[in-house]
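Notes follow once the structure below has been shown.
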Protein chains: 2
Amino acid sequence: MADIKSGVNLLFLREEELRQGIEMLFFAYRDFTAEPDVILADYGFGRAHHRVIYFVGRSPGITVSDLLATLGITKQSLSRVLSQLVTEGFIIQTPGLRDRRQRLLELTEKGVALERQLTEEQRQRIARAYREAGAEAVQGFRKVMLGLIDEKDRARFPQRLPARVPPRGRS
Amino acid sequence: MADIKSGVNLLFLREEELRQGIEMLFFAYRDFTAEPDVILADYGFGRAHHRVIYFVGRSPGITVSDLLATLGITKQSLSRVLSQLVTEGFIIQTPGLRDRRQRLLELTEKGVALERQLTEEQRQRIARAYREAGAEAVQGFRKVMLGLIDEKDRARFPQRLPARVPPRGRS
DNA sequence: GATTTTATGTCAGCCATATTGACTTATTTA
DNA sequence: TAAATAAGTCAATATGGCTGACATAAAATC
């Protein structure tokens, strides 16, 4: 009887633990995106604009194809948002040197400023959470998060020394 | 010079680490919601339906107000989704006993079955990530995630022994 | 007992973001 | 030269949010 009861209890705890995991992801993502949304509204932009600005800022000179793959949306969806950002001077497109079909994307100064403004609060939120949790907890956080992410995207997260493309490779 | 260089390096690592944090959240959330979406499409439902089914399943007998607060949307937004789920027999509403203005929400058998089907993959994804990362990492993950979540929502995540409302309190 | 507040629901319209499908243009590759 | 690729566009559609205004029933308060 004690065995059964404890077995049930373990199952319950496990179920509860997994559900909490699901919900933590939901609430964290929600709260995490809420703050930039307020700023974006001032510009008449939405969350989609933020994502584009973020990833272009992250990888200056990124191609449209790569950006599409990163965002996981269709080019038609990207089109509106991207052309808006280009028209309003937050992003510039320059033809690729090796392949002139490509249009490499970069933030303008204005774009960099907006990216900073948008991401700053998120950066602070993460920094605070990391600081309060401690280095060991951060390692655990990374480990679990990587396990949650599809295998194909894990390569985006090198443990150390990202060996990234040098900033502003062209020009 | 060594000091400056190492200071810059530290800043760079910190920046890189924070950006990876932002991105892990983005990709984890995206991959996490992708699988249920496929199933939902079979029913003509969207992600919003999933969230309603999930939280009603999580707290049987929840009031509409509480559900709204949990989801963080307006009643007009909830309305479409909820009435669809009620009409199609996934959720039943029963008047509150103490306050007959309330309409307490519960999953039907059909609703429970769908909830299981939808959440099962997510549960497995979390379970796998937890298992592979280990108990210590999971503690770190929880710590950081809680730090990312707005203070007002942290009470949803008791460390142990949730002391939840007994399932099916009424009837 | 009358009035106010609360819980819920509904109608209408608007906006952002995503989708699919079809087609175009320029450039590179085979 | 022909085929494949990178990027863009037009059109139609779906989903999921939003605001505002109004309605009903029940509870709480004066």
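In what follows, every chain begins at residue 1, and chains take the letters A, B, ... in the order their sequences are listed.
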What is the separation between atom [atom1] on [X] and atom [atom2] on [N], rounded to the nearest whole Å?
{"X": "A:Gln84", "N": "C:dA16", "atom1": "CD", "atom2": "C1'", "value": "10 Å"}
{"X": "B:Arg80", "N": "C:dG13", "atom1": "CZ", "atom2": "P", "value": "14 Å"}
{"X": "B:Leu97", "N": "D:dA26", "atom1": "CG", "atom2": "C1'", "value": "14 Å"}
{"X": "B:Asp37", "N": "C:dT19", "atom1": "CG", "atom2": "C1'", "value": "12 Å"}
{"X": "A:Leu68", "N": "C:dT19", "atom1": "CG", "atom2": "P", "value": "10 Å"}
{"X": "A:Leu104", "N": "C:dT27", "atom1": "CG", "atom2": "P", "value": "14 Å"}
{"X": "B:Leu71", "N": "D:dT15", "atom1": "CG", "atom2": "P", "value": "18 Å"}
{"X": "B:Arg101", "N": "D:dA28", "atom1": "CZ", "atom2": "C1'", "value": "8 Å"}

Which residue lies toward the 5' end of DNA chain C, A:Arg100 or A:Gly72, if each is placed at its nearest nucleotide?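 Closer to the 5' end of DNA chain C: A:Gly72.
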Nearest-nucleotide wise, let me know which of A:Asp99 and A:Gly44 is further upstream toward the 5' end of DNA chain C.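 Going by which nucleotide is closer to the 5' end, it is A:Gly44.
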[N] phosphate, OP1 or OP2: any side-chain N/O from [X] under 4.0 angstrom?
{"X": "B:Gln93", "N": "C:dG9", "result": "yes"}
{"X": "A:His49", "N": "C:dA16", "result": "no"}
{"X": "A:Arg51", "N": "C:dA18", "result": "yes"}
{"X": "B:Ser77", "N": "D:dG16", "result": "no"}
{"X": "A:Arg103", "N": "D:dG8", "result": "yes"}
{"X": "A:Thr74", "N": "C:dT19", "result": "yes"}

Between B:Glu120 and B:Arg123 (salt bridge meaning N to carboxylate O under 4.0 Å), is one present in this structure?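 Yes.
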Backbone N or O of A:Asp37 within a donor-acceptor pair of the A:Arg47 side chain at under 3.5 Å?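 Judged by distance alone, no pair lies under 3.5 Å.
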Spell out, as yes or no, whether a donor-acceptor pair under 3.5 Å connects the side chain of A:Ser79 to the backbone of A:Lys75.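 Absent.
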Nearest to the side chain of [X], which nucleotide is it out of [options]?
{"X": "A:Ala48", "options": "D:dA6, D:dG16, C:dA18", "answer": "C:dA18"}
{"X": "B:Ile73", "options": "D:dC18, D:dG8, D:dA27", "answer": "D:dC18"}
{"X": "A:Gln76", "options": "D:dC22, D:dT19, D:dA11", "answer": "D:dA11"}

With a 4.0 Å cut-off on heavy atoms, is A:Thr63 in touch with a base, just the backbone sugar-phosphate, or nothing at all?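 The residue A:Thr63 makes sugar-phosphate contact but no base contact.
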Will you find, in the side chains of A:Gln159 and A:Gln139, an N or O donor that is under 3.5 Å from an N or O acceptor?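 Yes - a donor-acceptor pair under 3.5 Å links their side chains.
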We want to know whether B:Gln122 and B:Tyr54 form a side-chain donor-acceptor pair, criterion being a heavy-atom distance below 3.5 angstrom.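 Absent: no donor and acceptor within the cut-off.
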Given the side-chain rings of B:Phe90 and B:Phe45, with only the six-membered ring counted for Trp, is the space between their centroids under 6.0 Å?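 Yes, they do, as the ring centres are separated by less than 6.0 Å.
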Is it the case that the base of C:dA18 and the side chain of B:Arg47 share a donor-acceptor contact (distance under 3.5 Å, atom types as modelled)?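 When only heavy-atom distances are counted, B:Arg47 does not reach the base of C:dA18 through any donor-acceptor pair under 3.5 Å.
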